[in-house]
Engineer: 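Take a look at the following structure, please.
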Amino acid sequence: MTGDHQTLALLLFGVFVAVTLAITTWVSRNRHGSAEEFYAGGRLFSPVENGFAIAGDYMSAASFLGISGLIALFGYDGLLYSVGFLVAWLVVLFLVAELVRNCGRFTLADVVAARMRERPVRIAAGTSSVTVSVLYLVAQMVGAGSLVALLLGGTSGAAQAWTVIGVGALMVIYVSLGGMRATTWIQIVKAVLLMCGAIALTVLVLVRFHGDFDQLLRTAADRSGHGSQFLAPGLKYGGDWTSRLDFISLGLALVLGTAGLPHILSRFYTVPTARAARRSVVWSIGLIGSFYLMTIVLGFGAAAIVGSDAVRGSNAAGNTAVPLLALDLGGGADSTGGTVLFAIVAAIAFATILAVVAGITLASSASVAHDLYASLRRKHAKPRSEVAVARLAAAGIGVVAIGLGLLARDLNVAFLVGLAFAVAASANLPVLLYSLFWRNFTTRGAVWSVYGGLVPSLVLVVLSPVVSGGPNSLFPGVDFQYFPLENPGLVSIPLGFLAGWLGTVTSPEPADEAKHAETEVRSLTGAGAA
């Protein structure tokens, strides 16, 4: 990449960081330091604002760069990722959004603990939430290092390391000073930038082909090297039954995992009512759906204009498809238009990572302070302010994420995002649905459900080909691969539900029907909701 690219992209990065730091500073001067303010922004956001923030929280760099790249390389099979990510929001809309808003205060554990013994349930749910958040966080941190190294030409380990450290420091500042209010506005700004960038690139691609989408697809198939197979199922996931089962496993994790992601669930507490939570989800579905439709055009556009071989030559995973497409649409590598468009795409991708990282850090620090600290603190110990603990937790999680990001910066960590979804679907979703809908659910069932999904999902990944046994594994020199699938969701999600059922039917403690009735009334009507 040329010096012009680097200078302009760095300038745009700096502008975005300066604006978001100004928002954080302004918000921190106008807060009163309560838990409700820090975790939920005072519950003062409108459905439109929260809808944009949810979209900003959900549309990560993996969506912007990764899905377009997969479509550019694998055509139809890459497009299936977009379907999975979008369909997941129907589960959120119909099963989760309103009920969670009515039953909880700040975290997933609030919903479950409403009708159970608090201490074991909060420890289990808090542990699961922090695990999911850290997995998601490390993937974003490593993605930031790789992205900046890739887009700015800094291929050295030092460039990646300083990028990871910088992103980690910024996320701690955003969360510690501004809490949910600052994080929300950063996500809104990022969502607007991302939508504008995607719309501009989509329009330019369609203009290049005179609005003829059929011609776009035929050209993409011709330049992909795969011909008509590029537009048919099976190019990536049709090789054998293992790859087909792997796709089913990944699809289950994507569709069911969104409803269990802590940073998504926490967004429902930032609006005043359950009706506002549902309207927020409707807004976010509109934004996210529009965005994923545009990634389809961008992916096939990259295959048609840049060529699949050129995309693969730049980055084997296809992560540079959109930047390369922007460079070509703007007029080429040596043109002013190409340089400007390329730099804008780079800045938007960086903004995407910062916004997502801030949301995840806030959700995980809330779980540490509101669930784990409150449960593990000794009864007679002098309590510290929960918000102060959350700020310390944000710093601690930032340090852990930076450390893991530095250790993993040279490894293939694309599986971490899918793993985070699989863990959320295996450990968080079963306990959430059982708590909301099963009258006889007990404390033992809740604890077994969480650990029964969390432990198998992590163990199966350790024993899978993503960790050992292959040339593309994390540790290619060793082989302890005993589980053939890359994503554990097909096995671990049913285990989470099964463990919850087994724990309940074997529990000596009867279910508290009065608390269930209270929870049911609150979830459906909002009576007594925070």
Side-chain angles (χ1 to χ4, degrees), residues 54-55 57-97 132 135-136 139-140 143 194 198 231-238 242-261 263-265 281 284-300 317-319 321 352 356 414-430 433 453 457 461 464 466 485-494 496:
I54 290 173
D57 213 355
Y58 190 69
M59 298 185 298
S60 67
S63 300
F64 186 44
L65 301 176
I67 292 178
S68 299
L70 285 169
I71 294 172
L73 296 182
F74 301 107
Y76 181 91
D77 279 13
L79 181 152
L80 294 172
Y81 272 81
S82 296
V83 176
F85 277 120
L86 181 58
V87 169
W89 281 95
L90 298 179
V91 178
V92 177
L93 177 63
F94 292 118
L95 290 180
V96 172
V132 172
L135 288 171
Y136 214 118
Q140 298 295 323
L194 188 59
L231 304 178
L235 195 58
K236 180 174 173 62
Y237 293 109
T242 300
S243 63
R244 294 175 190 177
L245 288 174
D246 220 345
F247 175 70
I248 294 172
S249 187
L250 177 65
L252 275 175
L254 295 180
V255 170
L256 299 178
T258 300
L261 290 175
H263 62 290
I264 297 297
L265 293 175
V281 175
S284 65
I285 288 175
L287 292 166
I288 293 166
S290 303
F291 173 74
Y292 283 129
L293 285 174
M294 289 187 283
T295 62
I296 296 171
V297 176
L298 297 181
F300 284 115
N319 291 331
T352 295
V356 173
F415 78 96
L416 279 175
V417 172
L419 174 58
F421 274 80
V423 174
S426 306
N428 291 351
L429 186 65
L433 294 183
S457 59
V461 165
S464 76
V466 298
L485 305 183
E486 292 189 1
N487 192 289
L490 191 62
V491 175
S492 60
I493 294 171

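This chain uses plain numbering: 1 for the first residue, then up along the sequence. Because the structure is a prediction, the values reported are computed rather than measured.
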Engineer: To check you understand the geometry: which heavy-atom pair defines the closest contact between Ala253 and Ala425, and what is its length?
Structural biologist: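 Shortest heavy-atom contact: O-CB, 4.3 Å.
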Engineer: If every non-hydrogen atom of Val423 is compared with every non-hydrogen atom of Ser457, which pair is closest and at what distance?
Structural biologist: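 Here Val423 and Ser457 meet closest at CG2-OG, 3.5 Å.
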Engineer: Measure the spacing between CZ of Phe247 and CG of Leu252 and express it to the nearest 0.5 Å.
Structural biologist: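 The CG atom of Leu252 is 10.0 Å from CZ of Phe247, to the nearest 0.5 Å.
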Engineer: What are the two closest heavy atoms between Ala420 and Tyr136, and how far apart are they?
Structural biologist: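 Looks like CB-CD1, 3.8 Å.
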Engineer: Any chance you could measure Thr258, atom OG1, to Ile288, atom CD1, to the nearest 0.5 Å?
Structural biologist: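 Here the interatomic distance stands at 8.5 Å.
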Engineer: Quick one, Phe85 and Leu254 - any side-chain contact, counting heavy atoms below 4.5 Å?
Structural biologist: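 Of all side-chain heavy-atom pairs linking Leu254 with Phe85, at least one is under 4.5 Å.
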Engineer: Would you compute the distance between atom CG of Leu250 and atom CG of Leu245 and round it to the nearest 0.5 angstrom?
Structural biologist: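 Leu250 CG to Leu245 CG: 12.5 Å, rounded to 0.5 Å.
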Engineer: Hey, does Ile285 have a side-chain heavy atom less than 4.5 Å from the side chain of Val281?
Structural biologist: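 The answer is yes; the side chains approach within 4.5 Å.
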Engineer: Are Tyr81 and Ile71 side-chain neighbours, meaning at least one heavy-atom pair lies under 4.5 Å?
Structural biologist: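 They are not in side-chain contact.
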Engineer: Work out which heavy atom in Ser492 is nearest to a heavy atom in Ala422; give both atom names and the distance.
Structural biologist: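 Heavy atoms only, the tightest pair is OG-O, 4.5 Å.
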Engineer: Would you find a donor on one side and an acceptor on the other, under 3.5 Å apart, between the side chain of Ser284 and the backbone of Ala55?
Structural biologist: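 No: the side chain of Ser284 does not pair with the backbone of Ala55.
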Engineer: Any idea how Phe421 and Tyr58 line up, ring-wise: parallel (<30°), tilted (30 to 60°), or perpendicular (>60°)?
Structural biologist: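 Perpendicular: the ring planes of Phe421 and Tyr58 meet at over 60°.
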Engineer: Do Leu80 and Phe74 make a side-chain contact, defined as non-hydrogen atoms from C-beta onward lying under 4.5 Å apart?
Structural biologist: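 Leu80 does not reach Phe74 side chain to side chain.
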Engineer: Working to the nearest 0.5 angstrom, can you tell me the gap between Leu79 CG and Thr295 OG1?
Structural biologist: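 Leu79 CG to Thr295 OG1: 7.5 Å, rounded to 0.5 Å.
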Engineer: Of Leu194, Ile54, Val356, Ile67, which meets side-chain contact (heavy atoms from CB on, under 4.5 Å) against Met59?
Structural biologist: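 That would be Leu194.
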Engineer: How many angstroms lie between atom CG of Asp246 and atom CD of Glu486, to the nearest 0.5 angstrom?
Structural biologist: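 It comes to 5.0 Å.
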Engineer: List the atom of Leu485, the atom of Ser249, and the distance in Å for their closest heavy-atom pair.
Structural biologist: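 Scanning both residues completely, I find the closest heavy atoms to be CD1-CB, 4.4 Å.
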Engineer: Taking all atoms of both residues into account, what is the closest heavy-atom pair of Gly69 and Ala321, and its distance?
Structural biologist: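 Minimum heavy-atom separation between Gly69 and Ala321: CA-CB, 3.8 Å.
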Engineer: Hey, could you give me the CG/CG distance between Leu95 and Leu429, rounded to the nearest 0.5 Å?
Structural biologist: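 That separation rounds to 8.0 Å.
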